[in-house]
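Only one structure is covered here, and it is reproduced in the block below.
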Amino acid sequence: MNPLHQRFYEVIARIPKGRVATYGQIAAMAGLPRRARMVGQALRSTPEGLEIPWQRVVNAQGTVSPRAGLGWEEGYQRHLLEEEGVVFNARGRIDLERFGWDPDRRPGPRRRKS
DNA sequence: CTAGTGACTGTTT
DNA sequence: AAAACAGCCACTA
């Protein structure tokens with residue numbers, strides 16, 4: 001397979017459960033700035049046997065990127081994320097301030113208020 | 001090789 | 001807020 005894709009998969013594999021990362025962010029972390037679209041291509045051609053948290057990859061707006069023709073996948077991805085504790089707001093958006101993966105910020109469960 | 005396309009993003013209307 | 005534009009670059013026809 002394409003070695004570039006491999007890099008992306010490795011980065012994606014490090015996304016903590018209950019967090020999400022954007023395409024651009026992943027590209028940058030893989031050492032390939034401005035290749036957000038490549039990440040999309042990589043995911044699209046993810047080998048079936050490979051198990052990676054593809055559902056934790058969302059676009060910069062915090063929404064599930066629409067792909068060609070499908071509706072069921074969008075709901076599926078959202079379902080997976082919600083099971084991990086990711087919350088979608090009324091507009092179908094994820095608050096990246098809270099759920100966005102920032103390697104510098106402490107991982108782990110977000111303590112509720114106080 | 002040229003053109004079109006896209007699981008994208010940031011800026012400008 | 002939403003749409004259009006302009007960069008972006010691997011892949012396909």
Side-chain angles (χ1 to χ4, degrees):
Chain A
M1 82 169 46
N2 192 329
L4 263 56
H5 290 186
Q6 188 66 53
R7 297 283 302 268
F8 293 142
Y9 298 144
E10 285 173 27
V11 173
I12 294 170
R14 308 210 300 269
I15 305 175
K17 179 178 173 186
R19 292 299 199 67
V20 296
T22 67
Y23 294 89
Q25 182 184 355
I26 289 165
M29 291 175 85
L32 300 167
R34 294 184 198 84
R35 304 283 142 111
R37 306 185 76 146
M38 304 304 81
V39 177
Q41 275 193 354
L43 285 177
R44 208 176 72 91
S45 54
T46 301
E48 284 201 18
L50 186 56
E51 288 179 26
I52 57 171
W54 56 270
Q55 69 273 25
R56 298 183 190 140
V57 183
V58 298
N59 61 35
Q61 320 309 313
T63 67
V64 173
S65 286
R67 353 55 182 110
L70 290 148
W72 67 272
E73 268 189 353
E74 178 181 349
Y76 179 51
Q77 178 170 4
R78 171 168 175 163
H79 174 73
L80 289 175
L81 290 174
E82 289 180 325
E83 281 199 335
E84 297 183 351
V86 175
V87 178
F88 287 72
N89 64 26
R91 306 255 265 102
R93 276 241 203 125
I94 297 170
D95 183 354
L96 294 180
E97 285 294 318
R98 289 199 300 157
F99 300 103
W101 177 39
D102 185 345
D104 297 326
R105 191 169 358 181
R106 216 79 40 50
R110 207 126 290 317
R111 53 188 169 329
R112 56 183 89 310
K113 80 164 201 72
S114 169

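A quick note: this is a predicted structure, and the numbers were derived from the prediction, not measured. Numbers restart at 1 for each chain; the letters A, B, ... are given by sequence-line order, proteins then strands.
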Distance check needed: [N] [atom2] versus [X] [atom1], whole Å only.
X       : N     : atom1 : atom2 : value
A:Gln61 : C:dA1 : CD    : P     : 11 Å
A:Leu32 : B:dC8 : CG    : C1'   : 14 Å
A:Leu43 : B:dG6 : CG    : C1'   : 13 Å
A:Gln25 : B:dT9 : CD    : P     : 10 Å
A:Arg34 : C:dA6 : CZ    : P     : 18 Å
A:Ile94 : B:dA7 : CD1   : C1'   : 14 Å
A:Arg35 : B:dT9 : CZ    : P     : 15 Å
A:Leu4  : B:dA7 : CG    : P     : 19 Å

Q: Check A:Asn89 against A:Arg91 and note the closest heavy-atom contact, atom names and distance.
A: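 Here A:Asn89 and A:Arg91 meet closest at OD1-N, 2.8 Å.
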Among the candidates [options], find the nucleotide nearest to the side-chain atoms of [X].
X       : options              : answer
A:Gln41 : B:dG10, B:dG6, B:dA7 : B:dG6
A:Met38 : B:dA7, B:dG6, C:dA1  : B:dG6
A:Asn59 : B:dG6, B:dT9, C:dC8  : B:dT9
A:Ala36 : B:dC8, B:dA7, C:dA10 : B:dC8

Q | Watson-Crick and G-U pairing of DNA chain B, under 3.5 Å, as dot-bracket with | and [ ] | A | .|||||.||||||
Q | A:Arg37 side-chain N/O to B:dG6 phosphate OP1/OP2 under 4.0 Å | A |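 For B:dG6, OP1/OP2 do not have a side-chain N/O of A:Arg37 under 4.0 Å.
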Q. Checking side-chain contact (heavy atoms from CB on, under 4.5 Å) against A:Arg56, which of A:Gln77, A:Arg19, A:Lys17 comes through?
A.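 With A:Arg56 as partner, A:Gln77, A:Arg19, A:Lys17 yield a single side-chain contact (heavy atoms from CB on, under 4.5 Å), made by A:Lys17.
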Acceptor/donor pairs from residues 37-49 of chain A side chains to any protein atom, 3.5 angstrom cut, sequence neighbours excluded:
{"residue": "A:Ser45", "atom": "OG", "partner": "A:Gln41", "partner atom": "O", "Å": "2.9"}
{"residue": "A:Ser45", "atom": "OG", "partner": "A:Ala42", "partner atom": "O", "Å": "3.3"}
{"residue": "A:Thr46", "atom": "OG1", "partner": "A:Ala42", "partner atom": "O", "Å": "3.4"}
{"residue": "A:Thr46", "atom": "OG1", "partner": "A:Leu43", "partner atom": "O", "Å": "2.7"}

Q | By side-chain contact (heavy atoms from CB on, under 4.5 Å) - contacts of A:Ala30 (at least two apart) | A |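 Here the qualifying residues are A:Arg7, A:Phe8, A:Val11.
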Q: Mind checking A:Arg44 for me? I need base, sugar-phosphate or nothing, with any heavy atom below 4.0 Å counting as a touch.
A: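 Base: the residue A:Arg44, judged by heavy atoms under 4.0 Å, touches a nucleobase.
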Q | side chain to side chain contact (heavy atoms under 4.5 Å, CB included) evaluation trace for A:Phe88 with A:Val64 | A | CA-CA 10 Å; A:Phe88 287 72; A:Val64 173; 4.2 Å; yes
Q | Residue closer to the 5' end of DNA chain C, A:His5 versus A:Arg93 (nearest nucleotide) | A |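 Going by which nucleotide is closer to the 5' end, it is A:Arg93.
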Q.
Between A:Ile26 and A:Ile12, is the side chain to side chain contact (heavy atoms under 4.5 Å, CB included) condition met? List the steps.
A. CA-CA 7 Å; A:Ile26 289 165; A:Ile12 294 170; 3.8 Å; yes
**Q.** Distance in Å, A:Trp101 CH2 paired with A:Leu96 CG, rounded so as to fall on 0.5 Å steps
**A.**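 Rounded to the nearest 0.5 Å, the CH2-CG separation comes out at 14.0 Å.
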